[in-house]
Amino acid sequence: MSVVESTLPTAPAVVRDQHGGEMMRAIVLEKFGGLDSLVYTDIPKPLPKPGEVVIKVKGFGINHAEMHMRRGEWAEAAEVSGIECVGIVDACPGGEFPSGAKVAALMGGLGRTINGSYAQYTRVRAANVALIESDLPWAELAALPETYATAWTCLFRNLQLASGQTVLIRGATSSFGQAALKMAVAAGAHVIATTRSSKRIPMLEALGATRVELERTDLAGHIAEAKQLDAVLDLVGNSTILDSLDMLRRGGAACLAGWLGGLDPIGDFNPLLRMASGVNLNFFGSFVFGTPGFPLSDVPLQDIARQVADGRLEAKPSHVFSFDQIREAHRVMESGDAGGKMVVVVDDD
């Protein structure tokens, strides 16, 4: 983990406007474009509403979705970006969470249709909040919500992965892929990982991969486990998912959950001609967290944090930035040098 030192002052305490209303420091998307689009300013602190939770933000992860929002490449982008955070309950009128509790929040329109986590406080629906009481530092807790909640759901809900089974993770060098690899290994599964770069092979082996293959669109024709795999978690996307289906045993499942290879659609997909009988294809997108079938509380973030604290699961972020370094965080993300999950710590008191 590399910690990036800040030479700028930390985020100031909450102040009040001329009418007595509380203000907070936030990073506002002033326009669509480059790094200078992210601007620091004071805006009103969100007021509590029934069914929602106001959270004092202690840290948040950096995600590619936020880069696309900043550039204007996303369908929706709120004034304040940020799709996830960890922090402390400041107010919860409905009583779903006690004041002062440590929580994680994810999705529910954060950073898209409502102001997100790039601020001292944020407000989110209770269904998109989960308890995460832990003595881990905020930097490590901030690395968990989006990446580990999504990886856990794909592996253990969609793919129903069990100890002793073999799973192929395509796109394993991404922060999502690394989290899935580590969680699958911790659960006793055998993991075959793919990467586009031979330089990343030692890193994936160090994380516990049984074997690492160089990614290719016809991988099914070049591995001994073809037609025998229990599961495939495909983060490369539409360009490889049909090939992934060709690797599964009867009853095996492939989960499509990423598009590292681009968003071009699957051309002329005819299941009758391209799917073996008895194999399963499903999809997961983290935007469903907080909907009736996918409350965030369904994800055992508390237990995941406990595994990290006990040393059974490694989840340290690759970079830790201060609140005043959001442009540098986005610069590193755009450069492709993240090397894993990057987080911002708002304050560490």
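As the structure is a prediction and not an experimental result, all values here were calculated from the model. Heads up: numbering here begins at 1 and tracks the sequence.
Checking V39, D36, L38 one by one against E30, the side-chain contact (heavy atoms from CB on, under 4.5 Å) holds for a single residue, V39.
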Inset, instruction - Output, in order, the C-alpha distance, side-chain angles, deciding distance and verdict of ring-ring contact (aromatic ring centres under 6.0 Å, His included) for F294 and W152. - result: CA-CA 12 Å; F294 296 90; W152 183 89; over 10 Å; no

Inset, instruction - Any chance you could lay out the side chain to side chain contact (heavy atoms under 4.5 Å, CB included) test for V185 and T210, step after step, and finish with the verdict? - result: CA-CA 9 Å; V185 170; T210 303; over 6 Å; no

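Smallest separation of non-hydrogen atoms from E84 and K341: OE2-NZ, 2.8 Å. Heavy atoms only, all atoms of each residue included: A305 and I132 are closest at CB-CG1, 4.2 Å.
Rounded to the nearest 0.5 Å, atoms OG1 (T195) and CG (L204) are 6.0 Å apart.
Residues F289 and V299 have side chains in contact (heavy-atom distance under 4.5 Å, counting atoms from C-beta outward). Side-chain contact between T194 and I192 is absent, with no heavy-atom pair separated by less than 4.5 Å.
Taking H68 as the reference, W74 meet the ring pair (Phe, Tyr, Trp, His ring centres under 6.0 Å) condition, with sequence neighbours excluded.
For the residue pair Y118 / E66, a side-chain donor-acceptor distance below 3.5 Å is found, with atom types taken as modelled. For the residue pair N63 and E146, no side-chain donor N or O sits within less than 3.5 Å of a side-chain acceptor on the partner.
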Which pairs of donor and acceptor atoms, one on a side chain in residues 87-112, lie under 3.5 Å apart (sequence neighbours left out)?
{"residue": "D90", "atom": "OD2", "partner": "K45", "partner atom": "NZ", "Å": "3.0"}
{"residue": "K102", "atom": "NZ", "partner": "S134", "partner atom": "O", "Å": "2.6"}

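In summary, R331 and E334 do not engage in a salt bridge, as defined by a charged side-chain N under 4.0 Å from a carboxylate O.
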